[in-house]
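Beneath this line is the structure, given in structure tokens, with notes to follow.
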Amino acid sequence: ALALVIGVGGAVLIASFPSESSARAAQQEAYATYQPLTPEQRAQLEAWWAVQPTVDIPVQRSEGTRVLIVKFSDYQCPGCRSAFEALRPVLAKYEGQPVEFVKKHYPLEPECNPGIQMGVPHYGSCEAAAAYEMAKGTPHLDKLDKWLFDNQQTLTKDSVRRAAEEIAGIADYDTRYEATLETVRADAALGKRLNVRSTPTIYINGKMLNPSIMPPAYYDALIELELKKAQ
């Protein structure tokens, strides 16, 4: 029922516009100005959330974190981009609060995810994940993150290398690449242990969202609910 409500809303939004670019622009505008759920929607969501199983996610929380969001993602997955865009305004709302977001990589590419044996591999996703890891600790991580999603259809090792240097100042991408892939492989291995079957797969305090792609108001309501439970 939850999937039906979310899916119908998204389909109506996209069908209202004649092209992919205009639909995406309209979606981004809707996400930036999203409104809270109605009382009825919130009640339905809370009832669904109450019966979802909780699994142990072996991810270290920062001190004081009350809500941990873990997203297994692939930079060349269109759904991951949609989830990225939907989560951005929500995470901005909770900045400075005890809410922590952790990205875990699950590239659909055998080079860094040996368990992938399905469909057409995403031949730039390992490179993009490595660039993200190299940019950690720099002030340019968010900008690079957005660029990788915005250019997901044309990612190659060369384009990622250039973006890493121009956006995040990473001049030694090739030198660090193989070592950094070990971090990406560790993320993929964790996803396999958790039985991740598709991207994106998102957990909030150990409960998996199904579907993981939701309008911002749903993420917002679940985070608010978990914060209240933690008080």
Side-chain angles (χ1 to χ4, degrees), residues 2-3 6-7 10-11 14 20 24 27-28 31 52-53 55-59 68-91 100-136 141-142 144-157 159-160 163 180-216 218-219 222-223:
L2 178 66
I6 295 171
I14 292 173
E20 180 181 353
R24 184 165 296 280
Q27 183 185 64
Q28 290 175 342
Y31 283 177
Q52 299 310 301
V55 299
D56 180 33
I57 308 292
V59 173
L68 177 65
I69 304 164
V70 179
K71 177 190 179 188
F72 286 87
S73 186
D74 174 332
Y75 274 110
Q76 291 191 288
C77 154
C80 295
R81 176 177 177 174
S82 295
F84 165 77
E85 292 173 346
L87 274 167
R88 284 184 73 198
V90 180
L91 295 176
E100 182 176 3
F101 173 80
V102 175
K103 182 196 293 287
K104 291 293 182 182
H105 304 286
Y106 199 80
L108 304 183
E109 183 179 358
E111 180 187 5
C112 58
N113 191 351
I116 294 301
Q117 300 176 352
M118 56 185 179
V120 178
H122 293 172
Y123 287 112
S125 56
C126 291
E127 288 77 5
Y132 178 90
E133 290 300 312
M134 293 181 203
K136 283 183 175 179
L141 180 62
D142 290 344
L144 180 62
D145 191 26
K146 185 176 186 305
W147 186 94
L148 292 169
F149 275 121
D150 286 347
N151 294 275
Q152 64 177 192
Q153 295 182 348
T154 57
L155 294 180
T156 64
K157 190 165 187 175
S159 68
V160 171
T180 306
L181 273 195
E182 292 306 311
T183 299
V184 179
R185 292 187 180 109
D187 284 357
L190 174 59
K192 185 177 181 181
R193 291 201 301 273
L194 292 172
N195 204 29
V196 169
R197 296 180 179 273
S198 62
T199 54
T201 294
I202 299 174
Y203 296 86
I204 298 180
N205 279 354
K207 290 188 175 185
M208 186 180 74
L209 304 188
N210 186 15
S212 282
I213 307 170
M214 296 182 169
Y218 286 84
Y219 296 121
L222 291 174
I223 293 171

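These figures come from a predicted structure and were not determined experimentally. Below, each value reflects all heavy atoms present in this structure, side chains not excepted, and no hydrogens, waters or symmetry copies.
The shortest side-chain heavy-atom distance between Tyr203 and Leu194 falls under the 4.5 Å cut-off. Side-chain atoms of Val102 and Ile57, non-hydrogen and from C-beta on, never get closer than 4.5 Å to each other.
Taken from SG in Cys80 to CG in Leu87, the straight-line distance is 11.0 Å, to the nearest 0.5 Å. Here the straight-line distance linking atom OH of Tyr132 with atom OG1 of Thr183 works out to 12.5 Å at 0.5 Å rounding. Residue Ile69 holds its CD1 atom at 8.5 Å from CD1 of Ile202, rounded to the nearest 0.5 Å. Rounded to the nearest 0.5 Å, atoms CD (Glu111) and CD1 (Ile116) are 13.0 Å apart. Atom CZ of Phe72 and atom OG1 of Thr199 lie 11.5 Å apart (nearest 0.5 Å). If you take OG on Ser73 and NZ on Lys104, they are separated by 13.0 Å, rounding to the nearest 0.5 Å.
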Intermediate values then yes/no, side chain to side chain contact (heavy atoms under 4.5 Å, CB included), Val55 and Asn195: CA-CA 11 Å; Val55 299; Asn195 204 29; over 6 Å; no
Stepwise salt bridge (Lys or Arg N to Asp or Glu O under 4.0 Å) check, Arg88 with Glu85: CA-CA 5 Å; Arg88 284 184 73 198; Glu85 292 173 346; over 6 Å; no
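Of all heavy-atom pairs spanning Ala83 and Tyr219, the tightest one is CB-OH, 4.0 Å. Ser159 approaches Thr154 most closely through the heavy-atom pair OG-O, 3.5 Å. Pairing each heavy atom of Thr201 with each of Ser212, the nearest pair is CA-OG, 3.5 Å. Closest approach of Leu148 to Ala128, counting heavy atoms only: CD1-O, 3.6 Å. Pairing each heavy atom of Ser82 with each of Ile213, the nearest pair is CB-CG2, 4.1 Å. Residues Ala130 and Val184 share a closest heavy-atom pair of N-CG2, 4.1 Å.
Put simply, the side chain of Asn113 never gets that close to the backbone of Leu108: no donor and acceptor are under 3.5 Å apart. When atom types are taken as modelled, the side chain of Gln76 and the backbone of Gly124 share a donor-acceptor pair closer than 3.5 angstrom. The main-chain N or O of Lys207 is never found under 3.5 Å from a side-chain atom of Gln52 such that the two would form a donor-acceptor pair. The main-chain N or O of Trp147 is found under 3.5 Å from a side-chain atom of Asn151 such that the two form a donor-acceptor pair.
One finds a salt bridge joining Glu182 and Arg185 here, because a Lys/Arg side-chain nitrogen approaches an Asp/Glu carboxylate oxygen to under 4.0 Å.
Applying the side-chain hydrogen bond (donor to acceptor under 3.5 Å, both in side chains) test between Asp74 and each of Arg81, His122, Gln152 identifies His122 as the sole match.
Taking the six-membered ring where the residue is Trp, Phe149 and Tyr75 present tilted rings, their angle falling between 30° and 60°.
Other residues, nucleotides and ligands place more than 12 heavy atoms under 6.0 Å from the NZ atom of Lys157.
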